[in-house]
S.K.: 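Please find one structure pasted underneath; my questions will follow.
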2 protein chains.
Amino acid sequence: MEYVRDGAEIYRRSFATIRAEADLSGLPEDVSRVVVRMIHACGMVDLVEDVRFSPGVVTAARKALLDGAPILCDAEMVASGVTRTRLPAANDVVCTLRDPSVPGLAAEIGNTRSAAAMDLWGDRLGGAVVAIGNAPTALFRLLEMVTAGAPRPAAVIGIPVGFIGAAESKEALAESGLEFLIVRGRRGGSAITAAAVNALASEAE
Amino acid sequence: MEYVRDGAEIYRRSFATIRAEADLSGLPEDVSRVVVRMIHACGMVDLVEDVRFSPGVVTAARKALLDGAPILCDAEMVASGVTRTRLPAANDVVCTLRDPSVPGLAAEIGNTRSAAAMDLWGDRLGGAVVAIGNAPTALFRLLEMVTAGAPRPAAVIGIPVGFIGAAESKEALAESGLEFLIVRGRRGGSAITAAAVNALASEAE
């Protein structure tokens, strides 16, 4: 069978295709690099049309990661997609969803397990890079926690996916005053979110 | 903040929205159930337009899983997305990509690590459910292995994503004679692939 077998060459051609087809002209250079990897993870060059961000998000996330901040994820798939060798400070990648206390905690607070799991982040939240790629309820809960006085993360990559609450939770993040990166609407997910984190973690392509 | 906090209710409303908006009329009932979960994982109801499958794929995959077949994944994210509690026979979920022998093997065969990792599946391939959600080279390599006489899997969920080889590898799978489920074109990825496996594993919504 005829196909490209060289991983580096596949990356090079993929990124070249994305840069040729996606309209990145409205993006600052640092965000553009992140969006290229997000597009790479989903195969859709029109994703760029739905990307919104705060101007300082890449700088804030980069600085936090260089300083050793943890990456707090709402889903195991997001954590699993973070390439450990790209992390600049052997940063912790945390997902508390499978902690045995989570189902009880969820019943107690009357919310999903994804939302309840974040209560276990504790004081790791302050200055962290938060990566929410699955559950809108996790993003809503994060915003409630910060409004209630929880320590503020350095940046929030908020790209939950789906039909109930995803679009609304991302709009709420964009209005929260936190440093943020979102994909408006229903699209999103763990692969796009992990790709954004991987781009923030290292400038290597 | 106002949002739905009940996980079961979120699922119910999500699936109702998908069934109201997606044109599932061309699909047999068993495939339709799988496609609903795939759409749920990516937020795009038009995904259905690109889904192709062999008529027996759901029956073949279900039977294999009930009989205890392993699920062989090309990427850790796919394996991570398989909900273990949905599996009917505590099926093994296997990803060999991080095996220490893989980089050397890749250099030896002149292919990507994703492709080389599959050589470690060994005789688990016969009768397995294969879930490829990331690397086109893994899917191409699988087809080469089967053509060369490797044991045939029971079904192949082949939904790699991206710009170089993804579309072509999926078309090659569709012409291979194996039981298959694909998403034509560039779209795909680990979340959609894991969702398909989760739908095949259990009829519970």
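Chain letters run A, B, ... following the sequence lines, proteins first, then strands; residues in each count from 1.
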S.K.: Please flag which part of B:E9 lies under 4.5 Å from any non-hydrogen atom of chain A: side chain, backbone, both or neither.
M.R.: neither
S.K.: At a 4.5 Å cut-off on heavy atoms, which part of B:E76 comes close to chain A: side chain, backbone, both, or neither?
M.R.: both
S.K.: Which residues in residues 173-181 of chain A have a heavy atom less than 4.5 Å from any heavy atom of chain B?
M.R.: none
S.K.: If you count heavy-atom pairs within less than 4.5 Å of chain A, which of B:G162, B:C42, B:G189 leads?
M.R.: B:C42
S.K.: Output the residues of residues 28-40 of chain B for which the shortest heavy-atom distance to chain A is under 4.5 Å, in residue-number order; output 'none' if no such residue exists.
M.R.: B:I39, B:H40
S.K.: Just wondering, do B:Y3 and A:I164 contact through their side chains at under 4.5 Å, heavy atoms?
M.R.: no
S.K.: By a 4.5 Å heavy-atom criterion (distance strictly below it), what part of B:R12 contacts chain A: side chain, backbone, both, or neither?
M.R.: neither
S.K.: Under 4.5 Å from any heavy atom of chain A, what part of B:S190 do you find: side chain, backbone, both or neither?
M.R.: both
S.K.: Using heavy atoms and a sub-4.5 Å threshold, report which of residues 139-160 of chain A line up against chain B, by residue number.
M.R.: A:F140, A:R141, A:L143, A:E144
S.K.: Once you round to the nearest 0.5 Å, how far does CE of A:M44 lie from CZ of B:R187?
M.R.: 7.0 Å
S.K.: Counting only heavy atoms closer than 4.5 Å, note whether B:V161 contacts chain A via side chain, backbone, both or neither.
M.R.: side chain
S.K.: In terms of heavy-atom pairs under 4.5 Å with chain B, which of A:D6, A:I192, A:I18 leads?
M.R.: A:I18
S.K.: Would you call B:T17 and A:R186 a side-chain contact if the rule is heavy atoms closer than 4.5 Å?
M.R.: yes
S.K.: In terms of heavy-atom proximity below 4.5 Å to chain B, should A:A106 be classed as side chain, backbone, both, or neither?
M.R.: neither
S.K.: What part of A:S14 gets closer than 4.5 Å to chain B, counting heavy atoms only: side chain, backbone, both or neither?
M.R.: both
S.K.: Under 4.5 Å, heavy atom to heavy atom, which residues of residues 110-128 of chain A contact chain B?
M.R.: A:G110, A:N111, A:T112
